[in-house]
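What follows is a single structure, written as structure tokens, with notes after it.
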Amino acid sequence: MLSRVADSIYWLNRYVERAENIARFVDVNLNLLLDASVVMTQQWAPLVMTTGDLDLFKQRYGEPTAENVTHFLTFDQQYSNSILSCLRAARENARSIREIISSEMWEQVNTFYLMVKEASQTQPIAQLPSFFAEVKMASHLFAGVTDATMSHNEGWHFGRLGRLIERADKTARILDVKYYILLPAVNYVGTALDELQWIALLKSTSGYEMYRKRQRRISPTDIAKFLILDREFPRSIQFCLVQAEQSLHQISGTSPGTWENTAERTLGKLRAELDYIMIEEIIQKGLHEFLDHLQTELNHVGEQVSKTFFALEVIK
Amino acid sequence: MGLGICIIVVYFVLYQSHGFDVKFDEYDPGDFYDELFFSKGQPRSEAALLIERINSLSMEELQQRQQAAQNALFKLGVTFNVYSDNQGTERIFPFDIIPRILSIQEWQRLEQGLKQRIHALNLFLNDIYGDQKILKDGVIPTELINSASGFSKPCIGVKPPQGIWCHITGTDLVRDRDGQWYVLEDNMRCPSGVSYVLENRRVMKTTFPQVFGRMNILPVDDYASQLLETLLNLAPTGLPEPTVVVLTPGIYNSAYFEHSFLAQQMGVELVEGRDLVVSDGYLQMQTTKGLKRVDVIYRRIDDDFLDPLAFRPDSMLGIPGLMEVYRSGRLAIANAPGTGVADDKVIYAYVPQMIRYYLGEDQLLPNVPTYLCWEPEQQQHVLQNLDKLVVKAAGESGGYGMLVGPHATPAEREEFAGRIQANPRNYIAQPTLCLSRVPTLFDDCFEGCHVDLRPYILYGKDIYVNPGGLTRVALRRGSLVVNSSQGGGSKDTWIVAEGENEC
């Protein structure tokens with residue numbers, strides 16, 4: 001497979017996944033706003049922090065409010081990680097590999113983009129919840145259509161790799177921000193409002209129901225454990241890493257547990273770390289520090305994937 | 001070479017004003033050759049079933065189908081790019097649901113004429129870059145070849161596989177007021193538009209399923225298979241699985257959709273210049289598993305940009321060393337570099353002579369009568385009749401460098417006369433034609449709109465002509481230009497065989 005094509009299919013999936021996650025963050029916060037009697041302006045800054053672009057936001061918009069944060073993350077054309085920009089980038093990538101992906105995938109990503117673009121021109125903020133639901137569903141459709149119509153070949157594995165690395169990163173970020181902002185001390189016993197916020201956190205990962213089946217009680221430590229280490233929940237970091245590693249080995253043909261390139265080594269090392277670590281150790285070390293380390297390593301994995309497979313150094 | 005076009009000139013256009021919900025009963029072809037009607041209320045026999053069907057639908061239903069067809073094309077992403085526009089870089093090529101229809105007998109005559117022409121043009125290219133017999137025999141003056149902008153010195157002495165130079169052609173045909181067909185341009189370089197033929201047909205089948213059920217319309221879908229066979233036919237012999245690729249300038253090219261579509265339909269890689277490298281004497285592409293050899297390129301990049309070492313040194317799109325691999329026979333290129341010489345409008349005027357010289361036959365499908373300004377007598381005639389003629393620069397295409405005499409101001413004509421006298425080799429002139437029309441759906445009525453036809457011809461083991469081709473239509477009311485950037489659109493083209501289907 002052409003390096004450039006592998007690169008595009010990887011980013012196509014990352015961008016779709018990113019758009020979906022942004023929709024999740026914003027939607028949950030908007031919902032929370034409807035429930036809470038308290039003024040919750042402080043709830044919007046963490047949302048921007050999740051993206052790592054708080055400074056940029058403050059320069060452009062000043063103090064975060066429901067309206068401006070929502071606009072920034074959803075429809076801001078100048079902001080490269082807004083839902084609209086993600087979809088535009090996803091579609092550009094898809095357009096450059098239309099002959100590789102299935103027609104159904106292209107149609108889905110094209111329809112998805114047109115839907116978001118139209119909403120950006122017509123949708124009042126008040127009607128956004130239904131819009132976010134559509135974004136999530138469109139992303140799921142894209143993933144489903146991909147699984148059901150594209151051969152599970154090298155390109156498909158690059159796509160899955162991109163999607164799972166992005167998802168692991170986003171789960172880490174959202175957990176980090178909430179935990180860091182909401183809960184300076186781990187054994188802090190929250191109020192009813194805090195519990196609502198933890199539920200919101202779970203919901204933004206679509207994990208609320210699955211968590212209840214697993215742990216029942218809402219507890220910060222258990223939530224962290226669920227989102228980092230659960231082996232069955234498809235948005236937990238560990239789950240993403242295990243599957244991403246499988247794809248990487250499918251691509252290279254190297255047996256699991258061994259490595260031939262730095263992408264495999266970096267990802268394998270990180271996955272192994274999560275295999276054997278316990279949540280108590282993580283809390284003891286400091287959850288924020290641990291999540292920070294995870295994000296750095298995930299970036300590192302991304303860089304190594306790019307270097308190993310996509311870098312177009314001219315070989316003479 | 002894009003979808004640009006050329007002489008579309010009439011002296012006057014008639015409009016009928018139409019009331020609401022008027023269907024074909026009121027449609028009057030007027031003083032034009034109409035592709036669907038002999039005269040008012042008298043459809044041509046091959047169009048009768050369609051007209052009947054359309055007359056049975058209400059205007060609202062027709063408009064809904066028109067809208068559905070446009071939406072389907074947009075969703076499929078059947079778009080072209082507009083260079084100057086960075087936000088909405090893609091536009092849909094407007095599509096009209098009333099097809100152009102040709103009887104199979106008429107089509108077979110066109111097909112024969114096209115095959116003859118492509119055959120002769122290929123013999124000409126092979127000769128001109130080889131022994132140059134046609135020049136030595138004085139059929140075409142040598143200086144015309146040497147001064148043709150498309151004559152490519154790096155291609156002299158090259159021997160492409162099977163002696164075929166032009167594998168993919170999209171010849172522009174027009175029909176005059178009296179129904180006579182003419183070849184307007186040969187487009188021997190990188191003609192585009194075939195993807196619209198295939199996608200338009202796909203959409204039309206859902207627009208008029210019953211009509212397709214009842215009429216015997218020749219299918220167009222085998223184009224991709226035929227193209228792949230044509231390309232595989234070029235591969236160096238002895239390779240069990242030759243690698244074919246489509247080379248595109250990238251997603252910002254106006255025809256990118258088509259490049260991608262064709263690669264997908266053939267199941268081959270779509271590559272850009274940056275994916276390719278010359279290594280170990282072969283052209284190779286950079287893959288996730290290292291370098292892989294490429295044997296056949298279907299390139300959609302002009303000659304000038306193919307290889308900065310052989311052609312334009314500033315090309316960012318090309319691959320240094322590509323021509324060397326090509327000359328050594330380790331790579332086949334479709335179309336072969338150098339075919340542009342036959343697109344020179346002065347050389348075009350000599351196609352009838354080529355057909356006689358190489359094939360010993362008379363031309364089946366005539367050229368538009370062409371005056372060559374480098375011949376003093378003809379130049380005299382052109383200068384005296386500038387108000388009646390269309391003057392074109394020999395090396396340009398797509399409507400550039402053109403004077404439309406009847407529409408030009410006296411000052412413009414005078415300026416062109418000066419240009420002709422300063423550089424007679426570079427100009428030709430043709431009479432203005434009145435292009436045939438096809439009824440086209442507007443908000444509340446049908447109006448006749450001018451059309452041309454671009455059939456697609458493949459030259460592999462044999463010469464294959466895809467049945468139909470792209471019908472381009474001047475959609476803007478009163479416009480005579482079918483160019484996609486100037487309000488032009490397209491229609492499906494039906495070649496209809498005798499007899500009704502049984503269902």
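Order of the sequence lines sets the chain letters (A, B, ...), proteins ahead of strands, with each chain counted from 1.
Within 6.0 Å of the CG atom in B:Asp314, the count of heavy atoms belonging to other residues, nucleotides or ligands exceeds 12. Atom CZ of B:Arg293 is surrounded by more than 12 heavy atoms from other residues, nucleotides or ligands within 6.0 Å. Residue A:Lys269 places its NZ atom among 12 or fewer non-hydrogen atoms of other residues, nucleotides or ligands, all under 6.0 Å distant. A:Gln121 CD: more than 12 foreign heavy atoms inside a 6.0 Å radius.
In plain terms, the two heavy atoms of B:Tyr256 and A:Ile97 that are nearest each other are OH-N, 4.1 Å.
The distance from the OG atom of A:Ser102 to the CD atom of B:Gln264 is 8.5 Å, given to the nearest 0.5 Å. Here the CZ-CD distance, from A:Arg4 to B:Gln286, works out to 11.0 Å after rounding to the nearest 0.5 Å. Summarising the geometry, atom CZ belonging to A:Arg95 is positioned 7.5 Å from atom OH belonging to B:Tyr252; distances are rounded to the nearest 0.5 Å. Here the CD1-CZ distance, from B:Ile251 to A:Arg91, works out to 9.5 Å after rounding to the nearest 0.5 Å.
You'll find the side chain of A:Ile100 reaches within 4.5 Å of the side chain of B:Glu269, heavy atoms only.
Judged purely by atom type and a 3.5 angstrom limit, A:Ser3 uses its side chain to pair as donor or acceptor with the backbone of B:Thr287.
Here the rule is side chain to side chain contact (heavy atoms under 4.5 Å, CB included) with A:Leu2, and of B:Glu272, B:Lys292, B:Met285 only B:Met285 fits it.
Contacts of A:Thr111 with chain B are made by side-chain atoms alone, with heavy-atom separations under 4.5 Å and no backbone atom involved. Residue A:Ser252 does not touch chain B at all, counting heavy-atom pairs closer than 4.5 Å. In this structure, chain A has a heavy atom under 4.5 Å from the backbone of B:Val268, while its side chain stays farther away.
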